[in-house]
Q: 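Take a look at this one; I'll ask things after.
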Amino acid sequence: MLPLARYGMALLAVLLLPMPALAEDSLNSGDTAWIIVATALVLFMTLPGLALFYAGLVRSQAVLSVVMHCVGIACLMTILWLVVGYSLAFGDSAGGWIGNLGKAFFSGVGKDAMRGSIPEIVFAVFQMTFAIITPALIVGAYVERIKFSSVLIFSGAWLLLVYAPVCHWVWGGGWMAGLGVMDFAGGIVVHATAGISALVIAMMLGARRGYPEQVRPPHNPGMTATGAAMLWVGWYGFNGGSQLAADGGAGMAIAATHIAAATAGMVWMIIEWTKFGKPSLVGAVTGVIAGLATVTPASGFVGPLGGLILGAAAAIVCFYAVQIVKHSLKIDDSLDVFAVHGVGGILGSLLVSFLALAMFGGNGLAEGQTAVGQLGVQAIGVGVTLVWSAVLTVVIVKVTGALTGGLRVSEDQEIEGLDLASHGERGYDIGR
Amino acid sequence: MLPLARYGMALLAVLLLPMPALAEDSLNSGDTAWIIVATALVLFMTLPGLALFYAGLVRSQAVLSVVMHCVGIACLMTILWLVVGYSLAFGDSAGGWIGNLGKAFFSGVGKDAMRGSIPEIVFAVFQMTFAIITPALIVGAYVERIKFSSVLIFSGAWLLLVYAPVCHWVWGGGWMAGLGVMDFAGGIVVHATAGISALVIAMMLGARRGYPEQVRPPHNPGMTATGAAMLWVGWYGFNGGSQLAADGGAGMAIAATHIAAATAGMVWMIIEWTKFGKPSLVGAVTGVIAGLATVTPASGFVGPLGGLILGAAAAIVCFYAVQIVKHSLKIDDSLDVFAVHGVGGILGSLLVSFLALAMFGGNGLAEGQTAVGQLGVQAIGVGVTLVWSAVLTVVIVKVTGALTGGLRVSEDQEIEGLDLASHGERGYDIGR
Amino acid sequence: MLPLARYGMALLAVLLLPMPALAEDSLNSGDTAWIIVATALVLFMTLPGLALFYAGLVRSQAVLSVVMHCVGIACLMTILWLVVGYSLAFGDSAGGWIGNLGKAFFSGVGKDAMRGSIPEIVFAVFQMTFAIITPALIVGAYVERIKFSSVLIFSGAWLLLVYAPVCHWVWGGGWMAGLGVMDFAGGIVVHATAGISALVIAMMLGARRGYPEQVRPPHNPGMTATGAAMLWVGWYGFNGGSQLAADGGAGMAIAATHIAAATAGMVWMIIEWTKFGKPSLVGAVTGVIAGLATVTPASGFVGPLGGLILGAAAAIVCFYAVQIVKHSLKIDDSLDVFAVHGVGGILGSLLVSFLALAMFGGNGLAEGQTAVGQLGVQAIGVGVTLVWSAVLTVVIVKVTGALTGGLRVSEDQEIEGLDLASHGERGYDIGR
Amino acid sequence: MKLVMAVIKPHKLDPVREALTEIGVTGLTVSEVKGFGRQKGHTEIYRGAEYSVAFLPKVKIELVIPNDRVEQVMEVIRDAAETGQIGDGKIFVIDVERSMRIRTGETGDDAL
Amino acid sequence: MKLVMAVIKPHKLDPVREALTEIGVTGLTVSEVKGFGRQKGHTEIYRGAEYSVAFLPKVKIELVIPNDRVEQVMEVIRDAAETGQIGDGKIFVIDVERSMRIRTGETGDDAL
Amino acid sequence: MKLVMAVIKPHKLDPVREALTEIGVTGLTVSEVKGFGRQKGHTEIYRGAEYSVAFLPKVKIELVIPNDRVEQVMEVIRDAAETGQIGDGKIFVIDVERSMRIRTGETGDDAL
Ligand SMILES: Nc1ncnc2c1ncn2[C@@H]1O[C@H](COP(=O)(O)OP(=O)(O)O)[C@@H](O)[C@H]1O
Ligand SMILES: Nc1ncnc2c1ncn2[C@@H]1O[C@H](COP(=O)(O)OP(=O)(O)O)[C@@H](O)[C@H]1O
Ligand SMILES: Nc1ncnc2c1ncn2[C@@H]1O[C@H](COP(=O)(O)OP(=O)(O)O)[C@@H](O)[C@H]1O
């Protein structure tokens with residue numbers, strides 16, 4: 001089969017996915033086995049992966065609060081996704097803008113309903129894990145100073161108002177899908193939405209007390225690296241699972257993913273080594289995560305070489321993005337959510353236009369589409385998503401602030417640390 | 001297919017499972033792939049999942065001993081399961097009470113022996129991981145004060161005298177299976193047996209020194225949450241794997257499991273928030289585990305709504321069960337094994353009678369069975385299991401005590417902490 | 001089918017594997033699902049598994065450096081494997097000694113290329129994870145005193161000069177495969193190569209400052225046990241995945257693997273209990289890892305009984321090997337890479353000659369081969385590998401030393417600890 | 001004023017604090033320390049290598065009190081901290097020339 | 001020479017150190033300690049069980065200075081460490097008879 | 001009696017302890033502390049943000065000894081702890097008025 005034809009079919013498949021199961025769909029147990037496991041892997045990315053990745057980066061008096069944010073989000077998003085989120089994202093489309101409520105409470109998603117070659121319930125839970133990790137990514141923007149009640153309200157509203165619509169546009173048969181926007185596993189849907197929203201909430205919330213001089217360094221880089229390693233492993237499920245089948249396409253997505261992660265890690269190390277004289281562990285794993293975020297939208301469309309290029313680009317661009325947000329914009333997006341995830345996701349969403357070409361070992365673009373033409377499509381997808389996410393985030397933050405009497409804890413509580421102040425617990429009670 | 005008919009077939013399948021592989025069984029590689037992975041996931045639940053979950057809850061001078069208990073149990077149960085345990089549970093039934101020794105040393109379980117659509121060796125190892133985690137659950141009852149030799153002897157005897165028979169009754173084609181007791185993944189076989197035995201051994205062993213005033217708070221709640229997250233992920237394999245196939249049934253079991261976990265975590269947070277003013281991380285993840293234990297017996301029989309209800313019920317009932325055991329019964333079941341696992345497992349085993357009904361989105365009961373009728377069957381199953389487990393545990397504890405010169409370490413050793421006293425190691429040697 | 005015939009076919013399959021995909025190969029989604037997951041499991045073994053296993057054993061001032069070694073190796077080996085390593089190992093054979101460059105940059109390994117029943121890209125990435133963990137095993141030999149630049153250069157050269165050739169000889173259709181050397185998942189390719197090279201580099205590098213009197217004990221045995229548990233779980237993918245199919249063979253490999261791990265852990269505990277009066281957690285999990293290394297070459301050829309025997313042998317032999325290296329040879333192979341991995345891998349590679357016999361429940365040897373005959377074949381395979389690895393390691397160490405101005409950091413840096421000295425970070429910043 | 005500095009066994013910290021509170025002591029400062037004395041440390045064996053840990057975990061209490069309370073405080077600490085076994089620890093008394101409460105600037109006995 | 005020993009709130013360590021550096025203090029030693037005083041500890045609730053934590057995290061600063069600087073050092077510490085809220089801590093002054101710099105063997109005020 | 005308080009480099013703890021044991025010292029107490037002095041701390045860079053860590057890890061040794069041993073003990077500590085490089089630390093001597101062994105109630109030099 002020609003690359004173009006193959007890509008055309010893939011696109012076709014994407015467009016068909018949101019439809020109700022077709023009569024001829026029959027269960028493929030291998031595909032089902034893989035997507036069930038991929039679901040477990042993506043849950044594993046948030047809990048404990050992301051939780052540890054973020055928790056190691058804060059000071060020791062807030063380690064538990066970060067984990068708690070992730071647990072709280074996982075619990076609440078699950079319920080919201082069941083009740084209405086899945087339906088908004090993947091229900092029958094209302095004009096390409098949002099799904100209807102036909103699938104609320106997973107109605108119609110019984111054991112026997114199919115979606116392609118896998119049970120729709122498996123697809124719904126796979127997507128649920130995406131709906132968990134995306135708002136959890138934003139946690140990195142507001143650590144050490146936010147009320148737990150604000151976290152829950154903000155995240156819940158954000159899921160329904162930002163994530164679900166954008167997810168519908170791109171993956172749920174909405175207008176971006178119609179336009180031909182390429183986003184294999186969430187450069188736009190996951191990383192761009194979360195990244196820009198993180199930047200906005202960080203600005204609105206204000207910096208941590210004493211920022212930047214008196215902020216403590218990461219209290220446990222080994223914990224951060226452990227979480228990053230789990231994210232790396234789990235990302236096989238995130239990107240490879242987005243193929244919704246256990247085949248060469250999934251294999252290639254994983255190959256590109258892994259190679260991008262490794263390359264970005266290596267390049268970030270080299271940059272630090274050159275600039276600061278020493279490569280740091282926190283830097284290396286930040287590079288890995290940047291590579292993973294960047295390859296995400298492209299993973300199913302590119303080959304190993306594409307992974308290599310995406311990884312290198314990710315490290316270079318995200319490294320400088322971190323510097324710019326911190327030193328030029330002076331925004332306390334505390335754990336660099338925008339600079340790493342947002343910028344990475346956007347970068348990958350744009351670069352895929354070229355790297356999907358057969359000359360880079362990719363699957364090719366849709367028939368008749370050129371790289372530049374695709375770049376325009378991608379730019380529209382990214383641009384609209386950024387604007388939508390930013391505007392809605394402003395609104396949600398305002399409303400949340402009104403509901404919870406301000407998003408921030410008191411200065412005393414911030415000094416004491418969120419662990420004790422908000423949760424009544426201490427992270428470490430280690431006697432000798 | 002009608003729900004009832006489907007359930008009938010499922011029941012039939014359950015009844016047929018213990019039989020030798022049927023001639024027409026042929027390998028399904030997708031099902032096999034899933035159960036192999038599910039096996040890995042259940043092992044992951046114990047090591048490092050449960051080990052970390054428990055180890056974070058004790059004081060820092062006993063952190064290693066808890067991990068050691070889990071490692072020791074994993075090693076010894078493996079050997080016992082190979083030698084005789086599997087055969088006792090899944091060998092040909094001697095009158096519905098116990099399996100014969102025909103499968104001792106996995107005899108007859110070669111590469112080509114089948115069990116349904118998967119190799120029997122895969123089934124045997126999958127069940128082995130259940131035989132590891134069940135006695136390991138009891139560890140939470142006796143931390144910080146028991147001899148390691150007592151742990152090994154107690155657990156080994158318990159596997160053969162409590163777990164293997166009950167497993168045979170329910171899953172091995174024994175009398176409970178004949179009666180129509182529903183236990184998809186171990187509400188009775190795993191959680192009820194371990195939970196009540198934990199309560200009994202905690203009573204017989206006596207409380208920790210200084211309990212309750214001078215006991216130390218959890219030394220590392222982040223470790224506990226990490227373990228809980230791993231348990232959550234691994235539970236996909238525990239419940240979803242119990243379907244023994246990669247299909248919509250497995251998908252639905254996982255959906256219900258995940259939703260119950262999240263709901264229970266959320267509800268537990270709300271209860272603590274209301275009662276104590278602050279939701280704690282230890283509380284939230286305890287809720288998650290309670291939800292998981294509760295949905296276990298029901299997971300393959302109920303729908304997403306069933307998961308939601310089970311999760312909410314789990315949090316409420318188990319929360320108060322913890323209070324009652326601690327404050328009213330004043331039993332130092334140190335890490336709340338009975339109140340969380342035991343009560344959860346029992347609760348789920350009873351509620352399944354209703355929630356399996358089609359009106360709650362479940363698969364329906366066996367033909368001709370009513371919810372109340374099923375409740376009676378379940379009550380018998382639970383009741384007999386509790387009595388059997390409790391009585392046998394008393395006997396095993398007595399004998400173990402006689403063999404090891406008392407189950408408890410000396411007071412000096414308890415003060416020093418089991419890490420140094422029993423294993424000659426220290427948990428943390430962190431210089432600045 | 002007779003055991004012998006089956007084995008003959010397995011051997012045939014091994015010999016055929018390096019060939020380009022045969023025309024009749026068609027995708028099996030179940031097999032593919034399993035190997036994708038196995039790949040994730042093997043990556044998980046290194047990151048975070050091995051990183052934590054090793055990092056817990058060093059002093060707290062070097063915890064991050066050990067993790068960094070593993071991350072750096074994972075990144076660099078990935079790139080090298082893509083560029084040339086895979087092709088050297090699995091490209092068309094140049095006279096049985098090394099693969100040609102036909103597969104450099106994964107050329108020809110598109111989404112549709114097959115290898116048996118799975119896409120070749122999946123096979124290539126699966127093997128990539130082996131190429132990561134093998135040089136990472138050597139980390140244990142040189143902790144707390146080596147330059148990071150030396151780690152990268154040494155590991156990269158070692159991958160291409162030691163690992164890739166030996167991998168080709170055994171699994172890539174090279175001369176050892178022709179000779180009938182049995183190595184299911186890497187007793188020779190992985191553990192013997194890494195083990196002996198670890199011993200050599202430890203000798204050349206010299207002992208840690210203050211060794212043996214003033215070396216600090218493991219700073220965090222719980223971290224080590226967590227890593228060991230992850231290794232145990234991941235090893236299902238390592239050994240079970242080496243079957244390249246989701247079938248009874250994979251199931252049996254996992255059964256043998258699990259049983260060997262558990263038995264070795266148990267026996268190591270008993271030895272320590274007898275000799276030192278207390279069984280330690282570090283000892284128990286060391287036993288588990290020794291069992292896993294030892295069963296690796298045999299896993300797909302033996303039955304459960306074979307696993308039991310291999311586990312017991314592993315614990316006894318490796319336990320004394322540790323003593324000998326430390327106390328008789330006085331080599332500071334700091335984390336016992338040779339004594340545990342090297343000796344274990346060699347032991348298993350020899351014992352498989354007997355334990356693969358049908359009388360021990362194994363698959364039998366190749367037609368016409370006797371156990372003693374096979375032992376000779378195995379001894380040749382092991383012997384040549386040890387010599388090749390040792391000699392090349394000497395050369396690589398010398399060259400690396402020349403390039404990086406000596407492998408060791410300065411004494412001051414060693415005292416300060418590699419975390420700060422080489423990476424500018426501290427492992428723990430825990431306030432009260 | 002006098003500084004009473006006591007090195008005691010870690011699990012005696014709570015009893016000592018309670019006993020001191022009962023006699024009206026309103027402040028003290030605690031450090032986790034490692035002690036070396038007649039009571040010997042222990043040996044840890046990891047994979048056959050012996051590590052001798054010379055130091056034992058102890059807790060150091062420091063409290064500054066008016067001169068006339070020294071006798072009583074020493075008594076109370078001793079009673080609460082004694083187990084009769086080796087390693088129970090020591091009490092030392094050192095003269096303090098000045099003191100100040102940071103919050104109020106009070107000095108002398110008023111600062112305690 | 002005098003030993004000034006101050007117990008302060010942990011987040012005041014950096015300001016205190018900076019203030020002392022400004023007046024020319026060249027050395028001090030810091031310990032993480034737990035304090036018990038008028039400011040009370042807190043209660044932690046895990047699964048319904050209450051754990052009362054009597055002690056609060058504090059930082060202890062020790063610096064040895066020439067006699068004539070005592071007044072000024074006390075002042076500076078107080079200014080930098082004061083929040084006006086309970087739990088701000090104490091400053092104690094103790095006489096030091098001898099001192100020595102290990103590196104050079106210098107003694108007395110020269111050793112500081 | 002005198003309290004000898006020495007701040008030294010962490011890796012010198014074992015040599016110092018051994019040297020003191022050799023001259024018959026039977027007890028001492030050790031704390032992990034952070035030091036600020038002529039030897040400067042370091043800067044850590046995480047993702048481009050600089051964190052300056054002003055303090056260095058040091059170990060504080062406290063031992064109470066009879067008056068006549070002060071000279072010797074200072075000597076021995078200095079010999080064992082000296083590297084000749086900046087940051088080697090200090091030794092201070094403070095007068096101790098009373099002492100008591102908790103186990104036996106012995107006081108004075110007998111308590112040491
Ligand atoms: N001379 C001393 N100076 C300072 N601390 C001491 C001294 N002697 C003992 N200690 C401290 O007191 C602790 C208990 O002393 P030890 O000699 O073991 O038992 P005992 O107090 O029962 O005689 C030691 O671990 C050490 O911390
Ligand atoms: N008499 C004392 N001796 C030693 N340390 C003391 C004494 N009194 C107070 N402290 C230390 O000072 C800290 C603050 O004292 P506290 O009474 O809480 O507040 P304040 O200093 O504002 O009166 C305590 O936590 C304790 O560490
Ligand atoms: N005046 C002082 N009071 C208390 N501790 C001091 C004083 N000066 C130095 N120290 C301690 O001694 C350590 C070493 O001092 P430093 O000035 O760095 O080097 P040196 O002792 O070689 O001159 C410091 O880190 C600090 O802990």
Side-chain angles (χ1 to χ4, degrees), chain A residues 27-37 39-41 43-44 46-49 51-52 55 63-65 67-68 71-72 74-79 82 105-106 109-114 118-125 128-129 148 223 246 419 422-432, chain B residues 1 6 28-31 33-34 37 41 59-61 117 216-222 225-226 228-230 232-234 236-237 240 245-252 254-255 258-259 261-263 265-266 269 276-282 284-285 287-288 303-305 308 361 363 427-428 430:
Chain A
L27 183 85
N28 179 315
S29 66
D31 293 349
T32 303
W34 166 229
I35 304 308
I36 287 178
V37 178
T39 306
L41 285 170
L43 175 61
F44 184 59
T46 308
L47 293 176
L52 294 175
V63 54
L64 302 182
S65 70
V67 180
M68 187 70 169
V71 172
C75 292
L76 186 57
M77 298 311 112
T78 294
I79 297 170
L82 167 69
F105 281 97
F106 287 4
V109 189
K111 279 178 7 175
D112 302 319
M114 296 294 297
I118 65 170
E120 186 178 354
I121 186 70
V122 172
F123 176 77
V125 181
M128 185 184 268
T129 57
F148 185 54
M223 179 183 273
D419 288 358
S422 298
H423 307 293
E425 298 168 299
R426 277 168 307 140
Y428 304 91
D429 180 23
I430 296 176
R432 265 139 242 269
Chain B
M1 217 189 324
R6 248 188 281 136
N28 179 315
S29 67
D31 294 348
W34 166 228
V37 178
L41 284 170
R59 66 197 189 107
S60 64
Q61 293 85 350
S117 62
R216 308 278 317 159
H219 91 281
N220 195 335
T226 302
M230 290 170 172
W232 190 342
V233 171
Y236 278 35
D247 60 12
M252 191 56 86
I254 288 171
H258 182 86
I259 291 166
T263 309
M266 198 71 223
M269 274 186 237
F276 305 138
K278 290 175 185 177
S280 72
L281 178 59
V282 167
V285 300
V288 166
L305 196 65
L308 198 74
N363 297 346
Y428 304 91
I430 297 177

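Every value quoted in this text rests on a predicted model; they were computed, and no experiment measured them. Labels below follow one simple rule: chain letters A, B, ... track the order of the sequence lines, proteins then strands, and each chain is numbered from 1.
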Q: Given heavy-atom pairs under 4.5 angstrom as the criterion, report whether the side chain, backbone, both or neither of Ala255(B) touches chain A.
A: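 When you check distances to chain A, atoms from both the backbone and side chain of Ala255(B) fall under 4.5 Å.
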Q: Checking heavy atoms, do the side chain of Pro48(A), its backbone, both or neither come under 4.5 Å from chain B?
A: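 Both parts, backbone and side chain.
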Q: Quick one: does Tyr428(A)'s side chain get under 4.5 Å of Ile430(B)'s, heavy atoms only?
A: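 Not touching, per the 4.5 Å side-chain cut-off.
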Q: At a heavy-atom separation under 4.5 Å, does Met77(A) approach chain B through its side chain, its backbone, both, or neither?
A: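 For Met77(A), neither part sits under 4.5 Å from chain B.
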Q: Just give me the residue among Gly30(A), Gly424(A), Ser422(A) that pairs up with chain B most often, heavy atom to heavy atom, under 4.5 Å.
A: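 Top count of heavy-atom pairs under 4.5 Å with chain B: Ser422(A).
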Q: Highest number of heavy-atom pairs under 4.5 Å with chain A: which of Ala225(B), Pro279(B), Gly427(B)?
A: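 Most pairs with chain A among the choices: Pro279(B).
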Q: Given the rule in the side chain to side chain contact (heavy atoms under 4.5 Å, CB included) test, do Lys278(B) and Glu425(A) qualify, once you have shown the distances and angles that lead to the verdict?
A: CA-CA 10 Å; Lys278(B) 290 175 185 177; Glu425(A) 298 168 299; over 6 Å; no
Q: What part of Ala74(A) gets closer than 4.5 Å to chain B, counting heavy atoms only: side chain, backbone, both or neither?
A: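 Both parts, backbone and side chain.
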Q: What part of Ile121(A) gets closer than 4.5 Å to chain B, counting heavy atoms only: side chain, backbone, both or neither?
A: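 Contact with chain B involves the side chain of Ile121(A) alone.
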Q: Looking at Gly237(B), Pro218(B), Gly249(B), which makes the most heavy-atom pairs under 4.5 Å with chain A?
A: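 The option with the most such pairs is Gly249(B).
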Q: Examine whether an atom of Leu82(A) lies under 4.5 Å from a heavy atom of chain B, and if so say whether it belongs to the side chain, the backbone or both; otherwise answer neither.
A: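 Side chain only.
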Q: As an exercise: rank Ala40(A), Ala55(A), Ala246(A) by heavy-atom pairs under 4.5 Å with chain B and give me the winner.
A: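 The residue among Ala40(A), Ala55(A), Ala246(A) with the greatest pair count is Ala40(A).
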Q: If you count heavy-atom pairs within less than 4.5 Å of chain B, which of Ile36(A), Asn28(A), Val67(A), Val71(A) leads?
A: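 Winner by heavy-atom pair count: Ile36(A).
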Q: Can you tell me which of Ala124(A), Cys75(A), Gly110(A) forms the most heavy-atom pairs within a distance under 4.5 Å of chain B?
A: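 Maximum pair count with chain B is reached by Cys75(A).
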Q: Taking all non-hydrogen atoms of both residues into account, name the closest pair between Leu281(B) and Met68(A) and its distance.
A: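 That would be CA-SD, 3.4 Å.
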Q: Pick one of side chain, backbone, both or neither for Arg59(B), based on which atoms fall under 4.5 Å of a heavy atom in chain A.
A: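 Neither; nothing under 4.5 Å.
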Q: If I measure from the heavy atoms of chain B, does Ala51(A) come under 4.5 Å with its side chain, its backbone, both, or neither?
A: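 Neither part; nothing is under 4.5 Å.
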Q: Can you see which heavy atom on Met128(A) is nearest to which on Ile259(B), and at what distance?
A: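 Smallest heavy-atom distance, with atoms named: CE-CG1, 4.2 Å.
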Q: Shortest non-hydrogen contact from Arg426(A) to Pro217(B)?
A: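 Smallest interatomic distance, heavy atoms only, reads NH2-CG, 3.8 Å.
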Q: Which pair of non-hydrogen atoms, one from Thr129(A) and one from Tyr236(B), has the smallest distance, and what is that distance?
A: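 For Thr129(A) and Tyr236(B), the tightest heavy-atom pair comes out as CG2-OH, 4.3 Å.
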Q: Would you check if Ile79(A) and Thr263(B) make a side-chain contact, meaning some heavy-atom pair closer than 4.5 Å?
A: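 In contact.
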Q: With a 4.5 angstrom heavy-atom cut-off, which part of Ile254(B) approaches chain A: side chain, backbone, both or neither?
A: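 Contact with chain A: side chain only.
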Q: Name the region of Asp247(B), side chain, backbone, both or neither, that has any atom closer than 4.5 Å to a heavy atom of chain A.
A: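 Contact with chain A: backbone and side chain both.
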Q: Side chain, backbone, both or neither: which part of Val125(A) has a non-hydrogen atom closer than 4.5 Å to chain B?
A: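 The side chain, not the backbone.
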Q: Top residue by heavy-atom pair count (under 4.5 Å) with chain A, among Gly265(B), Pro221(B), Ala228(B), Ala284(B)?
A: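 Among Gly265(B), Pro221(B), Ala228(B), Ala284(B), the one with the most close pairs to chain A is Pro221(B).
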Q: Side chain to side chain contact (heavy atoms under 4.5 Å, CB included) for Met266(B) and Thr78(A)? Distances and angles first, verdict last.
A: CA-CA 10 Å; Met266(B) 198 71 223; Thr78(A) 294; over 6 Å; no
Q: Identify which part of Val282(B) has an atom lying under 4.5 Å from any heavy atom of chain A, answering side chain, backbone, both or neither.
A: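 For Val282(B), backbone and side chain are both near chain A.
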Q: Less than 4.5 Å apart, side chain to side chain, heavy atoms only: is that true for Thr39(A) and His258(B)?
A: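 With C-beta onward as the side chain, the pair stays apart.
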Q: Please answer whether the main-chain N or O of Gly431(A) pairs with a side-chain N or O of Ser60(B) as donor and acceptor at a distance below 3.5 Å.
A: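 Yes, Ser60(B) side chain to Gly431(A) backbone: donor-acceptor pair under 3.5 Å.
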Q: What part of Leu64(A) gets closer than 4.5 Å to chain B, counting heavy atoms only: side chain, backbone, both or neither?
A: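 The answer is both parts of Leu64(A).
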Q: Can you tell me how far apart OG1 (Thr32(A)) and CH2 (Trp34(B)) are? Round to the nearest 0.5 Å.
A: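 So the OG1 of Thr32(A) and the CH2 of Trp34(B) are separated by 11.0 Å.
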